[in-house]
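Let me begin by presenting the structure, written as structure tokens, before commenting on it.
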Amino acid sequence: MKTSTIVGVLVAVVASVLFIVAFQAFYVKRTFVVYYNGHLDFCLLVDDRYAVEYQNNILKYSGGKNSGEISLFKGSLDSNLKRQRINGFEGGYKKSKNLRHYEYKLNEEYVLVDRFVNAQKSPVNLVPYREECYKIKNNFKVHKEIF
């Protein structure tokens with residue numbers, strides 16, 4: 001095969017991928033719901049790729065083969081977590097094979113726990129926001145209170 005043919009095929013593949021990404025980003029309209037808790041000062045921004053069910057103080061969500069459960073616990077962060085700061089929260093995570101365990105310290109009393117089964121690359125787990133909640137709630141008009 002000639003070098004020019006190989007380069008032409010590679011350019012066509014890259015251009016196709018960029019077109020698909022741009023189309024998804026700018027032309028596919030998504031609807032968003034803001035799940036929030038005003039007392040604990042956090043929110044979750046959820047788009048229509050996820051199926052969400054809130055019952056018995058557990059937020060269950062799924063998208064494709066991935067699924068997760070977010071719940072609220074009284075206590076502190078698990079000491080076995082890899083610690084990190086996430087969206088204004090002290091938090092941490094641990095993972096094993098397809099299971100991800102995330103925790104976010106909401107205040108001295110409560111921890112938000114997310115158990116997420118990561119069976120495929122997308123969609124990803126939901127991540128709470130604190131500092132951006134005001135902007136998120138202003139930009140997206142459908143709100144649902146949780147916990």
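Position 1 is the first residue of the sequence; numbering continues from there.
Linking Ile, Leu, Val, Met, Phe, Trp and Tyr whenever their side-chain heavy atoms come within less than 4.5 Å leaves Val34 and Ile86 in two separate clusters. Following chains of ILVMFWY side-chain contacts shorter than 4.5 Å, one can reach Ile70 starting from Leu40, so the two form part of one hydrophobic cluster. When hydrophobic clusters are built by joining Ile, Leu, Val, Met, Phe, Trp and Tyr residues whose side-chain heavy atoms come closer than 4.5 Å, directly or via intermediates, Tyr50 is not grouped with Ile58. In the hydrophobic clustering of ILVMFWY residues, with side-chain heavy atoms under 4.5 Å counting as a link, Leu72 and Leu44 come out together. Leu59 and Val33 fall within the same hydrophobic cluster, where Ile, Leu, Val, Met, Phe, Trp and Tyr residues are linked whenever their side-chain heavy atoms come under 4.5 Å apart, directly or through other members.
Summarising the geometry, atom CZ belonging to Phe140 is positioned 11.5 Å from atom CZ belonging to Arg30; distances are rounded to the nearest 0.5 Å. Of the inter-residue distances, the one linking Cys133 atom SG with Leu45 atom CG reads 9.5 Å to the nearest 0.5 angstrom. Here Glu131 contributes atom CD and Ile136 contributes atom CD1; the two are 11.0 Å apart, rounded to the nearest 0.5 Å. Residue His101 holds its NE2 atom at 13.5 Å from NZ of Lys82, rounded to the nearest 0.5 Å. In this structure, CG on Leu106 lies 13.5 Å from NE2 on His39, to the nearest 0.5 angstrom. Atoms CZ and SG, on Arg130 and Cys43 in that order, are 10.0 Å from each other to the nearest 0.5 Å.
Under 4.0 Å is where a charged nitrogen must lie from a carboxylate oxygen, and between Glu90 and Arg85 no such pair does.
When atom types are taken as modelled, the side chain of Asp78 and the backbone of Leu81 share no donor-acceptor pair closer than 3.5 angstrom. With hydrogens and angles ignored, the 3.5 Å screen pairs no side-chain donor or acceptor of Arg83 with any backbone N or O of Asn80.
Taking the centre and axis of the six-membered ring of Tyr36, the NZ or CZ atom of Lys137 falls inside the cone set by 45° and 6.0 Å.
For residues 113-127, the pairs satisfying side chain to side chain donor-acceptor pair (under 3.5 Å) are Tyr61-Asp114, with sequence neighbours left out.
Residues Tyr54 and Phe147 are in side-chain contact: their nearest non-hydrogen atoms beyond the backbone lie under 4.5 Å apart. You'll find the side chain of Phe116 stays beyond 4.5 Å of the side chain of Leu126, heavy atoms only. Contact annotation: the side chain of Leu77 approaches that of Val111 to within less than 4.5 Å [non-hydrogen atoms, C-beta and beyond].
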Worked verdict on Tyr104 versus Tyr93 for ring pair (Phe, Tyr, Trp, His ring centres under 6.0 Å): CA-CA 9 Å; Tyr104 309 93; Tyr93 70 95; over 10 Å; no

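Residue-environment remark: NZ (Lys94) exceeds the threshold of 12 foreign heavy atoms within 6.0 Å. Annotation for Phe32: atom CZ counts as buried by contact number, over 12 foreign heavy atoms lying within 6.0 Å. Atom NE2 of His143 sits in a crowded spot, with more than 12 heavy atoms from other residues, nucleotides or ligands closer than 6.0 Å. In this structure, Lys141 places its NZ atom where more than 12 heavy-atom neighbours from other residues, nucleotides or ligands lie under 6.0 Å away.
The two atoms that bring Asn66 and Pro123 nearest to each other are ND2-O, 2.7 Å, heavy atoms only. Across all their heavy atoms, Pro128 and Phe42 have their closest contact at CB-CD1, 4.2 Å. When all heavy atoms of Ile146 and Asn37 are compared, the pair lying nearest together is O-ND2, 2.8 Å.
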